[in-house]
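Working notes, beginning with the structure itself.
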Amino acid sequence: MASTILLVHNGKQAPSAVENVLSGGEWRVAFSSAADVRTALIREAPETVVFYHENPSRENASRVFDTVKTFDDNLPLIVVANSKALEDAVALMKAGAHDYFSLPVDKSNLKNSVAHAIKLYGLTKRVFLLESQMGMKEGLDDIVGCSPKMLEVFNLVQMVAKSNATVLILGESGTGKELVAKAIHRHSPRAAKILLDINCGAIPRELLENEMFGHERGAYTGADRRYIGSFERANGGSMFLDEISEMEPQLQVKLLRFLQERNFMRVGGTETINVDVRIIAATNRDLTKMVGEGRFREDLYYRLNVVPLRIPPLRERREDIPLLAKYFLQRMSAKNEKIFLDFAPQVMDALISHDWPGNVRELENVIERVVVLHNDTRVKMAHLPPVIKDATKKAVAAAEDLPQAEEGKIIPLELVEKYAIESALRGCMGNVAEAARKLRIGQATLYRKIKEYGLKS
Ligand SMILES: Nc1ncnc2c1ncn2[C@@H]1O[C@H](COP(=O)(O)OP(=O)(O)OP(=O)(O)O)[C@@H](O)[C@H]1O
Ligand SMILES: [Mg+2]
């Protein structure tokens, strides 16, 4: 995508001397009047601003300058001025303008200056991104989290990574099981070797056995050559068996045997093959229940469950929501070349209140959708999909003792108040001081009401 230059001028027509130079480059040129700079900056997300300053009115010039610098302190501003406005220009340079040209402009100098400014801005942005990623200490590699529950997960990951023990990762869909499996491998002594993964739910039974253990030539019709399976290819490394609950009983037996003996035979083979592979399995199903129903082998369950690693659903660690939301906003903005910087406070409240049945994946998708569909610097309520916006309303309706919030129905004020307090406490993770501030009442009052309604803070 071509870089954008914003040409700010106050004339009826763009100054042709400057425009000609700029449109000759490999850039896109957008225009704005001095009064509309802020909107134009948001809309165009330029890499450089050229300010054509004709009238010697210092107030006008410094207003443009301030707007640009407040919007983004690193955005280069180049001033083109006639000699009458020279004094202003000097003041602007002192205040941090990138460059200055007096009319008539030297075309090639202006072009070079713009190219330099664009390059500089690109580098600054990259440094900024890297710094903020490095500063993201809250997490383990690419796994973001600051809640006590996730810190426990991070600790456990690092501990089990050092051993050779089989790990069973448990957690609802979208909680980050795959990320954790990768982190375990990366932090293990096997990190330099390969990590292979097989999704047991996505492959038909016969193919799954083939994929895992390989086959000999002539094992069945069509098997015209030997095939080396994942377990052999992963020798020395790790094997991630995702959706382990979906493995058929016959194959469960073969996996159990492997976990006990550390060897196997290729399909149709007679040779026993020994490999050194670390097994990491994952599931979003309740395996103990499946064992109870006879759908998953109990002996295999115990072999896999040597080190269980449970990743809690997002609604049980709401402290992670702001951190994750900011992380995804930054990544998606960079990926989609957008300029989103932060969230309106109500938006963050709504994100924290939502229950996230799809967990982190759902949050990631919501943020990506906002970034792709909108152009702004701040995420606003209007950008959110209805399901999140309505989270609060739905929770009201779901509160068992609260009548449906239909039009025309009258709700006892007491219930509304109780609900407001409950959701504020939930949203603030039980922090009474913060909840009181958001409810705009005193802390003492809030404590009294908590007692009155028999709520837990
Ligand atoms: N703590 C986290 N920090 C950053 N990204 C995360 C985190 N947890 C999950 N994600 C992201 O959310 C998405 C879903 O994660 P992942 O695929 O690991 O979930 P899963 O538990 O394997 O889900 P499923 O059971 O549906 O396979 C991925 O894009 C992943 O990068
Ligand atoms: Mg997964």
Side-chain angles (χ1 to χ4, degrees), residues 129 132-158 160-161 167-187 195-203 208 211 230 238-247 279-287 289-290 296 304 307-336 343 351-352 354-372 388 429:
L129 193 71
S132 57
Q133 279 169 357
M134 273 167 26
M136 191 87 61
K137 284 182 210 75
E138 290 119 327
L140 179 71
D141 311 336
D142 51 354
I143 316 176
V144 176
C146 61
S147 59
K149 286 185 177 174
M150 279 313 276
L151 295 184
E152 227 171 87
V153 170
F154 298 153
N155 265 332
L156 203 52
V157 164
Q158 278 165 315
V160 301
V167 183
L168 179 62
I169 307 172
L170 305 162
E172 290 178 11
S173 182
T175 46
K177 295 186 292 297
E178 196 172 329
L179 279 189
V180 164
K182 287 179 180 157
I184 291 173
H185 176 74
R186 223 174 18 240
H187 285 263
L195 164 72
L196 289 181
D197 63 284
I198 288 187
N199 187 324
C200 307
I203 307 175
L208 183 56
E211 263 320 298
S230 298
S238 314
M239 190 72 232
F240 177 41
L241 299 175
D242 205 356
E243 293 194 42
I244 189 84
S245 59
E246 305 311 298
M247 190 178 277
I279 303 292
I280 305 169
T283 180
N284 54 23
R285 305 280 292 271
D286 183 347
L287 278 189
K289 190 164 157 240
M290 290 181 71
F296 199 83
L304 288 171
V307 184
L309 214 160
R310 186 176 297 279
I311 312 180
L314 194 52
R315 64 184 172 280
E316 285 177 18
R317 46 178 170 112
R318 293 183 194 267
E319 306 95 303
D320 289 337
I321 294 174
L323 198 64
L324 282 163
K326 284 177 201 158
Y327 172 74
F328 290 134
L329 188 70
Q330 189 185 68
R331 281 180 36 149
M332 299 304 174
S333 276
K335 185 172 136 200
N336 294 288
F343 297 86
L351 295 180
I352 292 171
H354 184 57
D355 270 342
W356 303 107
N359 292 294
V360 184
R361 180 181 294 114
E362 185 187 358
L363 176 60
E364 186 176 15
N365 290 344
V366 164
I367 306 272
E368 176 158 33
R369 200 187 120 105
V370 168
V371 170
V372 167
I388 314 285
M429 267 79 69

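The first residue of the sequence shown is numbered 1, and numbering continues consecutively from there. Atoms within each ligand, like the ligands themselves, are counted from 1 in listed order.
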For Ile280, the option from Leu309, Val160, Ile184 that meets side-chain contact (heavy atoms from CB on, under 4.5 Å):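 Only one option passes, and that is Ile184.
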Between Asp197 and Asp242, is a side chain to side chain contact (heavy atoms under 4.5 Å, CB included) present by the stated rule, with each step listed? CA-CA 7 Å; Asp197 63 284; Asp242 205 356; 6.0 Å; no
Short list, please: which atoms of ligand 1 are under 4.0 Å from a heavy atom of [X]?
{"X": "Phe328", "result": "5 (N)"}
{"X": "Asp142", "result": "3 (N), 4 (C)"}
{"X": "Asn284", "result": "25 (O)"}
{"X": "Val144", "result": "1 (N), 2 (C), 3 (N), 4 (C)"}
{"X": "Leu324", "result": "2 (C), 3 (N), 4 (C)"}
{"X": "Tyr327", "result": "4 (C)"}
{"X": "Ile143", "result": "1 (N), 2 (C), 3 (N)"}

Of all the heavy atoms in Gly171, does at least one lie under 4.0 Å from an atom in ligand 1?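 No, Gly171 has no heavy atoms under 4.0 Å from ligand 1.
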Does the pair Asp355/Arg318 count as a salt bridge with the N-to-O cut at 4.0 Å?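 Looking at Asp355 and Arg318, the cut-off is met.
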Would Arg285 and Glu243 pass as an ion pair if we require N to O under 4.0 Å? no
Looking only at heavy atoms, which two atoms of [X] and [Y] are closest? And how far apart?
{"X": "Leu168", "Y": "Leu304", "value": "CB-O, 3.6 Å"}
{"X": "Val144", "Y": "Phe154", "value": "C-CZ, 4.2 Å"}
{"X": "Cys200", "Y": "Met247", "value": "SG-CE, 3.8 Å"}

Identity and distance of the protein heavy atom lying nearest [atom]:
{"atom": "atom 6 (C) of ligand 1", "answer": "Leu179 CD1, 3.3 Å"}
{"atom": "atom 28 (C) of ligand 1", "answer": "Glu364 OE1, 3.4 Å"}
{"atom": "atom 25 (O) of ligand 1", "answer": "Lys177 NZ, 2.6 Å"}
{"atom": "atom 23 (O) of ligand 1", "answer": "Gly174 N, 2.8 Å"}
{"atom": "atom 19 (O) of ligand 1", "answer": "Gly176 N, 3.2 Å"}
{"atom": "atom 26 (O) of ligand 1", "answer": "Ser173 OG, 2.5 Å"}

Taking atom types as modelled and ignoring hydrogens, do the side chains of Asn359 and Glu172 form a donor-acceptor contact shorter than 3.5 angstrom?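 Their side chains do contain a donor-acceptor pair, which is all the 3.5 Å distance test asks for.
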Determine whether the side chains of Asp320 and Ser147 contain a donor N or O and an acceptor N or O closer than 3.5 Å. yes
So between Glu362, Arg361, Met150, Glu178, whose heavy atom ends up nearest atom 27 (O) of ligand 1? Arg361
Which is closest to atom 8 (N) of ligand 1 in terms of heavy atoms, Val360, Leu363, Leu140? Val360
Between the side chain of Lys177 and the main-chain N/O of Leu170, is any donor-acceptor distance below 3.5 Å?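 No.
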Quick check: Arg317 and ligand 1, any N/O pair under 3.5 Å apart?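 For ligand 1, there is no N or O atom that lies under 3.5 Å from one belonging to Arg317.
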Inspect the surroundings of CD in Glu316 and state if more than 12 heavy atoms from other residues, nucleotides or ligands are less than 6.0 Å away. yes
